[in-house]
Amino acid sequence: MSSTAGLGDALVDWYDTAARNLPWRRPGVDPWAVLVSEVMLQQTPVARVEPVWAAWMARWPTPADLAAASPAEVIRMWGKLGYPRRALRLRETAVALTERHGGAVPADVAALEALPGIGTYTARAVACFGHGTPQPVVDTNVRRVVARLVHGRAEAGTARPSDLTDVAALAPAGRERACRFSVAAMELGALVCVARTPRCAVCPVRDRCAWRLAGSPAHDGPARRVQRFTGTDRQVRGRLLDVLRAAEGPVAASSLDEAWDDAAQRSRCLDSLLADGLVEQTPDGRFALPA
DNA sequence: TACACGTGGAA
DNA sequence: TTTCCAAGTGT
């Protein structure tokens, strides 16, 4: 009998009583809608995704609908979710599904990973939550849960391929239950086994948590370095795109000057937006979202 | 492996 | 006010 026996079942039972009622988890939501939600949720809080996802799915219910939209429409609808290259890649994925998969979302992990913007996590999440195909689904929540519950460490390290086998070892039997376990592990990390102040008092597996049994030791490795934002190219790109999103049509370069003082940085960021396909230059030299 | 890539709410 | 951090991917 493994020391982790029954952990997966315990998490599923907890999930059945504690899960949030998120719109992309409701019955009848198709794999495309799940895929859209997963891309929007990359590095982005649930509360910010919910309204955008609802409007997005109402406007573009199928991959073919999104594939027919212009990048400009897609970038505008993406709004302030952040990392707008995700919006372009999601549209490119819609095009690929329409052209190569008959407009359907594949259930095969390798086929999903071949799509733009779909990586190790998202491919398995779509297979599992969208199609009901059991997969180990490892995001930042799950890596933290496994680090504490199984390995007795306060924090997860850098993502490793072995994360997938760590999680797969906890999954209960049965297709439906294994899928529910995958979402349950994420939910525990999102609601209980959170990064800053874990709520161990309400944790369904606190009595079997290796980290608690070890006395909840502090993180010993190197401190995770936090990303700066103020003054970075990321901020400047965001400012520039903000101007273009708000404009009705193309804007003159002088309008972009107001977005950021440092001309060299502004120019570099505009170039990178052009290279990314988030901005295009019109024949008369003005700038706009790509038509 | 490490870094770039948006945004804004909570502590 | 500053820092942390949120369902990652691509290079």
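Order of the sequence lines sets the chain letters (A, B, ...), proteins ahead of strands, with each chain counted from 1. Worth knowing before you read on, the calculation uses all heavy atoms, side chains too, and leaves out hydrogens, waters and symmetry mates.
At whole-Å resolution of the value, CG in A:L241 and P in B:dG6 are 8 Å apart. For the pair A:L81 CG and C:dT9 P, the computed distance is 16 Å after rounding to whole Å. Computed from coordinates, the A:L41 CG to B:dG6 P distance equals 18 Å when rounded to whole Å. We find that CG of A:L274 is positioned 17 Å from C1' of B:dC5, with the value rounded to whole Å. Put simply, CD on A:Q43 is 13 Å from C1' on C:dC4, counting in whole angstrom units. We find that CZ of A:R91 is positioned 21 Å from P of C:dT9, with the value rounded to whole Å. If you measure from atom CG of A:L88 to atom P of B:dC5, you get 15 Å, rounded to the nearest angstrom. When the P atom of B:dG6 is taken as reference, atom CG of A:L244 falls 13 Å away, rounded to whole Å.
Using a 4.0 Å heavy-atom distance criterion, A:W24 is classed as a base contact. If you check every strand for non-hydrogen atoms under 4.0 Å, A:L22 touches a base. At a threshold of 4.0 angstrom between heavy atoms, the contacts of A:G82 include nucleobase atoms, whether or not backbone atoms are also involved. Nucleic acid contact class of A:T120 (heavy atoms, under 4.0 Å, all strands): sugar-phosphate only. Backbone-only contact: A:T140 has heavy atoms under 4.0 Å from sugar-phosphate atoms and none from a base. Backbone-only contact: A:I118 has heavy atoms under 4.0 Å from sugar-phosphate atoms and none from a base. As judged by a 4.0 angstrom heavy-atom cut-off over every strand, A:R268 is placed among residues making no nucleic acid contact.
On a pure distance criterion of 3.5 Å, no polar donor-acceptor pair joins the side chain of A:T232 and the base of B:dG6. Side-chain atoms of A:R48 come within donor-acceptor range of the base of B:dT7, with a qualifying N/O pair under 3.5 Å. Side-chain atoms of A:Q227 and base atoms of B:dC5 include a donor and an acceptor less than 3.5 Å apart. Between the side chain of A:Q42 and the base of C:dG8, no donor-acceptor pair under 3.5 Å is found.
Note on A:T122: a side-chain N or O is less than 4.0 Å away from OP1 or OP2 of C:dT9. Taking 4.0 angstrom as the limit, A:R224 places a side-chain polar atom (N or O) nearer than this to OP1 or OP2 of C:dC5. Neither OP1 nor OP2 of B:dT7 sits under 4.0 Å from any side-chain N or O of A:R234. The shortest distance between the side-chain N/O atoms of A:R144 and the OP1/OP2 oxygens of C:dA6 is below 4.0 Å. Between A:R86 and B:dT7, a side-chain N or O to OP1/OP2 separation shorter than 4.0 Å is absent. For the pair A:R225 and B:dC3, the criterion of a side-chain N or O lying under 4.0 Å from OP1 or OP2 is met.
The nearest heavy atom of DNA chain C to A:R89 and to A:N141 marks one nucleotide each, and the one closer to the 5' end goes with A:N141. Taking for each of A:D276 and A:A159 the nucleotide of DNA chain B with the nearest heavy atom, the 5'-most of the two is the partner of A:A159. Residues A:L115 and A:P45 each lie close to DNA chain C; by heavy-atom proximity, the contact nearer the 5' end of the strand is made by A:P45.
The side chain of A:R196 lies closest to B:dA10 when the candidates are B:dA10, B:dT7, C:dA7. Comparing C:dC4, B:dC5, C:dC5 against the side chain of A:A195 picks out C:dC5 as the nearest. In this structure, of B:dC5, C:dA7, C:dT9, it is C:dA7 that holds the atom nearest to the side chain of A:E38.
Annotation: B:dG6 and C:dT3 have their P atoms spaced 22 Å apart (nearest Å). Remark: the separation of the P atoms in B:dC3 and C:dA7 is 22 Å, to the nearest Å.
The closest side-chain donor-acceptor pair between A:T44 and A:R86 falls under 3.5 angstrom. A donor-acceptor pair shorter than 3.5 Å can be found between the side chains of A:D65 and A:T62.
In this structure, A:S70 and A:L289 have side chains that are not in contact, with every pair of non-hydrogen atoms separated by 4.5 Å or more.
Around atom CG of A:D261, no more than 12 heavy atoms belonging to other residues, nucleotides or ligands sit under 6.0 Å away.
To the nearest 0.5 angstrom, A:R143 atom CZ is 12.5 Å from A:Y121 atom OH.
Although no hydrogens or angles enter the test, the distance criterion places no donor-acceptor pair under 3.5 Å between the side chain of A:R124 and the main chain of A:V138.
With A:W211 as the fixed residue, the side chain to side chain contact (heavy atoms under 4.5 Å, CB included) test singles out one of A:R153, A:R148, A:R206: A:R148.
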